There are 2 protein chains.
Amino acid sequence: MARTRGSHSDITGPRVERAALELFARDGYAAVSMRRIAAEVGVQAGALYNYTPDKQTLLFSLMKSHMQDLLAAYDAWEAPDDPLGRLEAFARFHIRFNSERPAAVFISYMELRNLDPEHFAEIEALRRRYEGALVDILRDGAATGVFDVDDPRITAFAMIGMLTQLNTWFRRGGRLSLAEVEELYWSMLRRLVAA
Amino acid sequence: MARTRGSHSDITGPRVERAALELFARDGYAAVSMRRIAAEVGVQAGALYNYTPDKQTLLFSLMKSHMQDLLAAYDAWEAPDDPLGRLEAFARFHIRFNSERPAAVFISYMELRNLDPEHFAEIEALRRRYEGALVDILRDGAATGVFDVDDPRITAFAMIGMLTQLNTWFRRGGRLSLAEVEELYWSMLRRLVAA
DNA sequence: GTCTATAGAATGATAGAC
DNA sequence: GTCTATCATTCTATAGAC
């Protein structure tokens with residue numbers, strides 16, 4: 001006795017976001033039409049506008065939610081006080097968090113160019129806060145002599161490039177488990193800063 | 001006395017490719033219309049079809065040219081025989097080559113999803129050949145004990161992620177010169193494999 | 001809250017004149 | 001080889017019925 005019409009706002013909203021997330025990640029924001037998102041959810045295109053004022057805002061809110069989740073989860077992540085422990089915590093956090101939501105990660109750096117300038121600036125500010133956390137760790141470690149780092153900023157970029165690239169090839173059920181990958185990456189990061 | 005009509009095939013062809021490359025890189029394949037490419041070149045949309053059978057083939061040929069240029073340039077690159085020398089040569093080659101053509105690099109890994117399966121397979125094969133060259137270097141170095149590498153394949157991915165990420169922030173005229181960046185990255189890569 | 005219907009604009013690609 | 005003109009389709013977003 002499935003209702004085909006009526007009120008579903010509590011359930012349709014999340015389904016719209018989920019469908020948009022997956023489709024944007026797979027085919028790209030510009031290539032996905034509102035009709036296709038609606039079809040995925042099982043409603044007509046017009047109904048989507050109960051949940052977003054327009055397509056661009058839908059993209060923006062997906063990216064903003066992702067970045068806020070990322071920062072909140074990182075803030076809540078347990079980490080020791082010493083730079084090496086904090087670096088390890090950052091690495092393991094980044095790998096686990098990103099591996100759990102590949103679509104959102106992918107969108108959040110692939111679709112930046114589809115944001116208008118104000119939205120872009122807002123997302124970039126959140127991203128910089130996250131990257132800044134890693135820069136701080138490297139700076140502290142370099143200052144206390146625990147790390148040997150030529151340029152904390154560049155090293156942080158390189159590390160994030162390394163870690164984020166993981167999402168392009170890692171698949172659950174492949175040759176390596178996530179735990180194994182985590183160890184491999186942590187061992188590489190440690191080498192990068194070893195004094 | 002600029003001619004506004006007539007035969008220009010020798011000059012228009014490259015201009016179409018150049019315009020498509022820049023626009024695809026800036027706004028994304030799906031967001032760029034044939035009309036906009038034509039406007040950039042200074043012709044009408046219909047004229048583009050003298051140079052490509054369709055939009056997708058235009059994208060594919062840009063990506064294929066780039067990958068072939070990459071492989072040809074790498075094959076021609078001078079490198080010593082020992083693994084450490086070869087790794088250094090790879091790193092410097094990659095940084096210089098990629099920094100000279102950011103638009104083509106960007107497209108070649110951002111727009112893969114807009115290729116149909118046959119085209120995708122062809123580009124992927126070329127990419128694997130290039131990545132394979134780095135894997136071989138790491139394997140040789142590990143086999144002879146010059147490198148300490150846990151997993152050559154993963155390490156190669158990590159290195160390429162690190163190096164490619166460079167294009168997302170490096171700008172000529174910024175805080176660091178390309179030569180300085182090259183040194184920083186080479187020093188990081190060396191640490192990653194140090195026995 | 002979802003539907004149908006549609007306005008209004010843009011798209012990829014083709015035909016035929018020059 | 002390029003132009004103009006156009007076809008057929010698709011798109012985002014809105015209006016109004018239920």
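Lettering follows sequence order; numbering is per chain, from 1. Quick caveat, the model's predicted, so the values are computed rather than measured.
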In a table with atom names and distances, give each donor-acceptor pair under 3.5 Å that connects a side chain of residues 73-84 of chain A to protein atoms at least two apart or in another chain.
from    : atom 1 : to      : atom 2 : distance (Å)
A:Trp77 : NE1    : A:Ala89 : O      : 3.2
A:Asp82 : OD2    : A:Gly85 : N      : 2.9

Output a table of donor-acceptor pairs, distance under 3.5 Å, between side-chain atoms of residues 186-195 of chain A and any protein atom two or more places apart or on a different chain; print 'none' if there are none.
from     : atom 1 : to       : atom 2 : distance (Å)
A:Ser187 : OG     : B:Asp150 : OD2    : 3.2
A:Arg191 : NH1    : B:Leu192 : O      : 3.2
A:Arg191 : NH1    : B:Ala194 : O      : 3.1
A:Arg191 : NH2    : B:Asp148 : O      : 2.9
A:Arg191 : NH2    : B:Asp148 : OD2    : 2.7

Name the atoms and distances for all side-chain donor-acceptor pairs under 3.5 Å in residues 13-22 of chain A, with sequence neighbours left out.
from    : atom 1 : to      : atom 2 : distance (Å)
A:Arg15 : NH2    : A:Val41 : O      : 2.3
A:Arg18 : NH2    : A:Glu22 : OE2    : 3.0

Using a 3.5 Å cut-off and no angle test, enumerate the donor-acceptor pairs between side-chain atoms of residues 113-129 of chain A and protein atoms at least two apart in sequence or in another chain.
from     : atom 1 : to       : atom 2 : distance (Å)
A:Arg113 : NH1    : B:Ala25  : O      : 3.2
A:Arg113 : NH2    : B:Glu111 : OE2    : 3.1
A:Asn114 : ND2    : A:Glu111 : OE1    : 2.6
A:Asp116 : OD1    : A:His119 : N      : 3.2
A:Asp116 : OD1    : A:His119 : ND1    : 3.4
A:His119 : ND1    : A:Gln56  : OE1    : 3.2
A:Glu122 : OE2    : A:Lys64  : NZ     : 2.7
A:Glu124 : OE2    : A:Arg127 : NE     : 3.1
A:Arg127 : NH2    : A:Ser108 : O      : 2.6

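Taking A:Asp69 as the reference, nothing meets the side-chain hydrogen bond (donor to acceptor under 3.5 Å, both in side chains) condition, with sequence neighbours excluded. Taking A:Arg139 as the reference, nothing meets the side-chain hydrogen bond (donor to acceptor under 3.5 Å, both in side chains) condition, with sequence neighbours excluded.
The minimum heavy-atom distance linking A:Arg36 with A:Val32 is given by the pair NH1-CG2, 4.1 Å.
In this structure a side-chain-to-backbone donor-acceptor pair under 3.5 Å is missing from A:Thr57 to A:Pro53. No donor-acceptor pair under 3.5 Å is formed between the side chain of A:Ser65 and the backbone N or O of A:Leu62.
Taking every heavy atom of residues 17-33 of chain A and every atom of DNA chain D, pairs under 4.0 Å involve A:Val32, A:Ser33, by number. For the segment residues 55-65 of chain A, the set of residues with a heavy atom within less than 4.0 Å of an atom of DNA chain C is empty. Only A:Val43, A:Gln44, A:Ala47, listed by number, bring a heavy atom of residues 38-48 of chain A to less than 4.0 angstrom from any atom of DNA chain C.
Within the structure, the side-chain hydrogen bond (donor to acceptor under 3.5 Å, both in side chains) test picks out the following pairs touching residues 173-184 of chain A (sequence neighbours left out): A:Arg92-A:Glu182, A:Arg92-A:Glu183, A:Arg96-A:Glu182, A:Arg175-B:Asp151, A:Ser177-A:Glu180.
A cation-pi arrangement is present between A:Arg101 and A:Phe97, with the terminal nitrogen or guanidinium carbon under 6.0 Å from the aromatic centre and inside a 45° cone about the axis. For the pair B:Arg26 and B:Phe24, the cation-pi test (distance below 6.0 Å, angle within 45°) is failed.
Whole-Å rounding puts the B:Met34 CE to D:dT2 C1' distance at 15 Å. Summarising the geometry, the separation between CZ on B:Arg35 and P on D:dC3 is reported as 13 Å, rounded to the nearest angstrom. Between the OH atom of B:Tyr49 and the C1' atom of C:dT11 there is a distance of 9 Å, given to the nearest Å.
Ranking C:dT2, D:dT2, D:dT6 by closeness to the A:Tyr51 side chain, first place goes to C:dT2. Distances from the side chain of B:Thr12 to the nucleotides D:dT2, C:dG12, D:dA13 place D:dT2 closest. Looking at the side chain of A:Asn50, the nearest of the listed nucleotides D:dT14, C:dG1, D:dT6 is C:dG1.
Residue A:Phe106 is found in a hydrophobic cluster whose other members, listed by chain and number, are A:Tyr109, A:Met110, B:Phe106, B:Tyr109, B:Met110; membership requires side-chain heavy atoms under 4.5 Å apart, directly or through intermediates.
Each end of the helix from C:dG1-D:dC18 to C:dC18-D:dG1 gets its own axis from five base pairs, and the two axes differ in direction by 0°, given to 10 degrees.
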